[in-house]
Structures are given as structure tokens and as C-alpha cells.
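Taking it in order: structure first as C-alpha cells, then the write-up.
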Amino acid sequence: VPILHNCTIVQHTNMILIILLDVSDALYKQWIPNTNFENATNWNKKRVPCATDRVYFDSNMKVSVFVQSSHSITEMYIPSEGEFILGPDAGFAASDEKSDSGCEGGEDVTFNDPDQYQWYDPRFWNAAVSTDDLYDEKYLFSVDEEKVPCQYDDVIFPPETSFRVNVSSSVESIDLRTISLMEKKFTRNDDFVQYMKSDRAKLQFHGQGSITVTNVRCKDKSGCECGNTANHERICSALLQHFGNKCPEVVCRNPLTPIGHCCGICGAIVSLQYSSGFELEKYRNRIIHLLLNLPKYAGVQMAMSKVYKLQSFLGILSPEAHPEIQIVLLDNKTGSQTGSVAKQLANEIMADIKHYGDAYGIVKGEILLATGSNASGSMYVGEIVGIVVGVLSLFLIGGVVFLFISGVISYPPYPRLPSLSLRRYTIKNDEVDAFGGPIDKGFDNPIFDVPSNGQSGSYNPYSGEDVLKGITVTQTGVHFVNPAYDETDISA
Ligand SMILES: *[C@@H]1O[C@H](CO)[C@@H](O)[C@H](O)[C@H]1NC(C)=O
Ligand SMILES: *[C@@H]1O[C@H](CO)[C@@H](O)[C@H](O)[C@H]1NC(C)=O
Ligand SMILES: *[C@@H]1O[C@H](CO)[C@@H](O)[C@H](O)[C@H]1NC(C)=O
Ligand SMILES: *[C@@H]1O[C@H](CO)[C@@H](O)[C@H](O)[C@H]1NC(C)=O
């Protein structure tokens, strides 16, 4: 006989799948664990209870459980505080059958403790640039601190799921742009505060922390800091719990430690200093389309974000942290090949900065490498190299002015700009979800068809022999076109 006491059973008639279509620079972060009845990992027997099982929820458990379908049960012990949220086709029916087809059953099946899930655990979040990308599982890679929602992010708890999350935090308030849960998107903090007083919210959120919905987006085109530095320890201890409280071994001897990451990595870090013209989304788009999407880099993961590097002098941290753009590159090579592809990509990014960095507002780039290979002739297993590239902006601008004066460059008539492809690229950047096509190789931009025309293998975009050939002056300014995509080259 099922024992039912004090439990709210809520019938949900109109579960609406929300589609959030607004375009924004911020990322979407989606919570992964759920407390759904049908999720086998929520049960101690790693299977959903069937008709002849005895179903147990600990009587002290506080939990909200979403039920998607209908279940026959013989016995169910439910918690004193809790709720079942029944989907449109869900329900519980009493069963007196001693056996059920396909159900061995007859066991005690207990719901696992839902208190174990921490907000600040980087493994429990997926990030994407749009809700479509979340749906298509096109997730972004980032350093551990930024896997957890950042201050300008939109947080999503997927519809048709229940959850319980411990929001204990080292900051007074966890700031978010918006938060969506069940069938509702909160954009006003007043509404969210009201919601947090509900019985359901008390089952969903627990711990020493509070969430504030700011509805504020990052207004700095050069990017915004994530804002999770104060919780770095918390994030890393949650993560390392799953690795026996220590960082996994890596093959390179001198692993790199990206800012905001918990453990050392083998691969490459490119650090950029930028000037006022720098736009993070635009530059990220460029690197993704120009380099990361090339088939040879299919196994490379890239994280690009603004970070604050603390200056330390004689071991004392200076209060003045200065912002830089950090690009972290990891590849999936193993053994002595570890990091080799990341290194190749880092070098190509540096070559690109040398030639075009100025057009993107990049003042200086620095590269750090740690790979599994022995440095030639040395005793090293790991390798660390520091190279600094300064961009010769005066040289380039001077060159353009000189060529212009000497008549080598003239204003092309607007409608037939040779830089047509760049114009489209720029327009896309401005109008479309700025980061809309990166992982989506279906992005229909003619300039990115180039690599498939068979020339890409032998063509070196950085040979530099014709750098100025790609510069056009239009009524709106000076544009730098990558010679690799100059249309005259394709037809030649
Ligand atoms: C089941 O729950 C686990 C942990 O909460 C989660 O990682 C997994 O994605 C869930 N699976 C499904 C199908 O919802
Ligand atoms: C929530 O997390 C904090 C640490 O982040 C921990 O001290 C506390 O015990 C947790 N609460 C529960 C109910 O597990
Ligand atoms: C690395 O990733 C690429 C692209 O996804 C894949 O083709 C390749 O097999 C992977 N290599 C290893 C060693 O996993
Ligand atoms: C690296 O160096 C060690 C000894 O210094 C040697 O045994 C090993 O074969 C080298 N590995 C490679 C990939 O060259």
C-alpha cells in the first residue's frame, strides 16, 4: 500500500517548450543534472522502477520530481516535503500484478540524494552561443571558471525537467542576466524574488547563496570579465572531487595554467593586448572561420575570453589587475604528439596577428606552448616558448597612405568592391547573432567556401608576399582583406 503524506502532486497541463530567440552577445548556460523520475541515474539500481518494485524516497529528502510518463507501482514511500510534477501523459497507477513484462522487479529502488549537485561545479553546465546551439548540442569550450554561469549569461534549466541545486557561493549574490526554468523566463529581479518564495523554488534551490536577475548585458565590445574569480576555489574543489582531489596527470613536463582554469594543461595559450578598436566577438568569429573550422583543426578546442591578469611583484599581488584576451588551445593528440596541433594553430594565430592584428585592434600577442614532444636536442619532455609579436601599425598605415598618394590604391566604385566578401563578413557580424555560425559549418558565407576549391592545401595565406594587395580603401574606411580570400586569386 503506498504511503502518501503531505506531498503536493501538481498536474502540469500546459508544458510549453520555450524558445528564446533574442540575439545577444552573452552565452547561454544550461544546467545538466535533473531529478526526473525517468532518469535511470537518479535511482540506486541505475534503472527506473517498474511495477513490482518498492519505490523509496528518503522521508527527509527535499525534492521536486518531474514525471514524464505513466507508471504502475505497487508501493511507493515518498518524502515529507516534496512534489511530483506530472507531465501531460504522466501518472501513477496502482498495480497488483506480480510480474510485468520486461520487468524483473521485486526490488527496493531508492531515489538518490539530490543534494549533491553544486551550482559551482563546472561539469554540470553546458555553454552555447544560442538556444539553437544548445538544442543541437553545439557546446562551447571554456576555462573552468567560465563553464559556470558568468554575470552576463542567460541561465537555462531545461523545460520538462526538475532539479535541485546547491547555490552556496562566496559572493553575496550570483548575478545573471536572465534565468529560465520550467516554462518561464525571468528577466526582472522582482519576479524572480517572488518566485524564490514559492514552495517549488525552495525544493529547487538550497544552500547559502542567492541569485539576482540583472537583465544587464555586457556593454563592452572588447568583452566582459566572467566574474567567477571569487569562487575559483569552490569551482576547482567541486571539479577535483571527481578526480580524487588532485589534478589529472598530463604528459607535458611544464603544463600551462590558463587564468580561470583549475589544472595545468598541455597545449597553447595566446595572450593578446588590445586597443580601443578591439571587438571580442568579431575577432573570435574571425579565428573560428579562418582557422578553427579548417579540417586539420577538427580536434582542437578553443576558449577565448577577457581575463584579468594579476601582476605580482616579489610575491605580492598588485591591486591593479590588467585585462587581456586569453586564447586557450587544447588538442586531442596523445603521447609525444600532445599539443602539437594546438601549437600549430597558435602559430597561425600569431602570424595572422602580425599581418592583420592592427585591423582588429590587437596591439601585442604573446604565445606560451607546452607540448608532449622533446624540444629538439634538449632534455625537455615539455616545452615552453615565449614569443612576443608587436604589431607594426605605423608601418601598415604609413604604407597605405604612401600607396594611396602614389596612386597604387584608388577608390574602387562602391558597388563593385573587390572586398565584397569582407563586406559581407562584416555585415554578418553586426546583424546576425555575432557568434552565430562558428561551429555551424553550414554558415552560408561565400568566403568560407574557398578551402574546398582544392587550392587551400598549397596556398599559404601568410606568405606575406602580397599583403598590401588585400587592402582596399572605401568611402567608409580602410579594409584589410585576407589575400587568401581575394576573389581574383580564386579565379586565377
Ligand atoms: C540524468 O541525470 C544525470 C545526473 O543528474 C544527468 O547527467 C543526465 O544528463 C540525465 N539524463 C537525462 C537523459 O536526462
Ligand atoms: C551546499 O554546499 C556547501 C558547500 O558549497 C556545503 O557546505 C553544504 O553542506 C551543501 N549543502 C547541502 C545540503 O549539501
Ligand atoms: C581528434 O578529433 C578528430 C576530430 O573530431 C578526430 O577525427 C580524431 O579521431 C580525434 N583523435 C583522437 C586521438 O581522438
Ligand atoms: C624524449 O626524450 C627521452 C629521453 O630524453 C627519450 O627516451 C624519448 O624517446 C624522447 N621522445 C621523443 C618523442 O623524442
Side-chain angles (χ1 to χ4, degrees), residues 29-49 58 60-69 79 81-82 85 87 111-126 134-135 137-139 141 147-148 156-172 174 182 202-211 228 230-242 245 251 266-267 291-302 329-342 344-345 371-372 439 441:
K29 301 269 169 75
Q30 184 167 270
W31 178 251
I32 299 168
N34 63 50
T35 55
N36 286 10
F37 195 90
E38 284 83 7
N39 186 335
T41 62
N42 287 332
W43 299 96
N44 70 335
K45 293 283 193 285
K46 303 280 176 247
R47 62 176 179 82
V48 181
D58 187 280
N60 296 319
M61 191 177 279
K62 292 184 179 152
V63 70
S64 166
V65 176
F66 185 82
V67 187
Q68 225 152 2
S69 51
E81 265 184 87
I85 302 171
F111 199 80
N112 291 331
D113 177 20
D115 282 0
Q116 55 182 310
Y117 301 112
Q118 303 277 339
W119 177 275
Y120 284 107
D121 192 326
R123 301 175 324 131
F124 294 153
W125 296 97
N126 284 324
L134 278 179
Y135 186 81
E137 302 184 0
K138 290 181 191 163
Y139 302 132
F141 170 70
K147 285 178 180 155
V148 174
I156 296 175
F157 291 88
E160 309 224 345
T161 61
S162 51
F163 61 92
R164 181 160 169 86
V165 51
N166 183 341
V167 293
S168 290
S169 172
S170 307
V171 291
E172 208 166 292
I174 301 172
M182 314 283 321
K202 284 174 186 141
L203 297 172
Q204 292 169 329
F205 299 94
H206 69 112
Q208 300 302 308
S210 82
I211 294 172
N228 281 337
N231 281 290
H232 184 86
E233 292 301 316
R234 195 179 285 274
I235 288 167
C236 292
S237 79
L239 179 71
L240 292 186
Q241 237 177 4
H242 308 282
N245 291 321
V251 296
C266 302
L291 298 171
L292 197 64
N293 275 0
L294 297 178
K296 63 178 171 177
Y297 294 133
V300 178
Q301 288 184 301
M302 179 181 83
L329 302 166
L330 301 180
D331 61 33
N332 65 352
K333 296 287 180 190
T334 53
S336 65
Q337 291 298 303
T338 307
S340 58
V341 186
Q344 192 187 347
L345 175 54
T371 64
I439 302 147
K441 302 200 182 179

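What's counted below: heavy atoms across the whole structure, side chains too, no hydrogens, waters or symmetry copies. All ligand and atom numbering here is 1-based and tracks the order in the structure.
In this structure the side chain of V63 reaches within 4.5 angstrom of the side chain of F111, judged on heavy atoms. Looking at N34 and S162, their side chains never come closer than 4.5 Å, going by heavy atoms from C-beta outward.
What you find for L292 and L345 is that their closest heavy atoms are CD1-CD2, 3.7 Å. Heavy-atom minimum distance, T35 versus R164: CG2-N, 4.0 Å. Between S169 and Y120, the closest heavy-atom pair is OG-OH, 3.0 Å.
Here Q116 has no heavy atoms under 4.0 Å from ligand 2, in either its backbone or its side chain. Contacts of Q208 with ligand 2, taken as heavy-atom pairs under 4.0 Å, are absent altogether.
Of all protein heavy atoms, the one closest to atom 12 (C) of ligand 1 is N39 ND2, 3.4 Å. Considering only non-hydrogen protein atoms, atom 7 (O) of ligand 1 sits nearest to I32 CG2, 3.8 Å. Closest protein heavy atom to atom 14 (O) of ligand 1: N34 ND2, 2.7 Å. The protein heavy atom nearest to atom 5 (O) of ligand 3 is A298 O, 4.0 Å. In this structure, atom 4 (C) of ligand 2 lies nearest to the protein heavy atom R234 NH1, 3.8 Å. Ranking the protein heavy atoms by distance from atom 13 (C) of ligand 3 puts N332 O, 3.4 Å first.
Remark: the S170 side chain and the N231 side chain contain an N/O donor-acceptor pair separated by less than 3.5 Å.
Considering each of N166, V167, V165, the one bringing a non-hydrogen atom nearest atom 11 (N) of ligand 2 is N166.
Near Y117, meaning under 4.0 Å from one of its heavy atoms, ligand 1 places the atoms 4 (C), 5 (O). The distance from ligand 2 to the heavy atoms of S168 drops below 4.0 Å at these ligand atoms: 1 (C), 2 (O), 3 (C), 5 (O). Listed by number with element, the atoms of ligand 2 under 4.0 angstrom from any heavy atom of H206 are 12 (C), 13 (C).
Within the 3.5 Å criterion, the main-chain N or O of E38 finds no donor-acceptor partner in the side chain of W43.
Annotation for E233: atom CD does not count as buried by contact number, only 12 or fewer foreign heavy atoms lying within 6.0 Å.
Checking atom 9 (O) of ligand 2 against the protein gives no heavy-atom contact under 4.0 Å.
Within the 4.0 Å heavy-atom cutoff, T41 counts among the residues contacting ligand 1.
W125 and W119 have perpendicular rings, their planes meeting at more than 60° on a 0 to 90° scale where under 30° would count as parallel.
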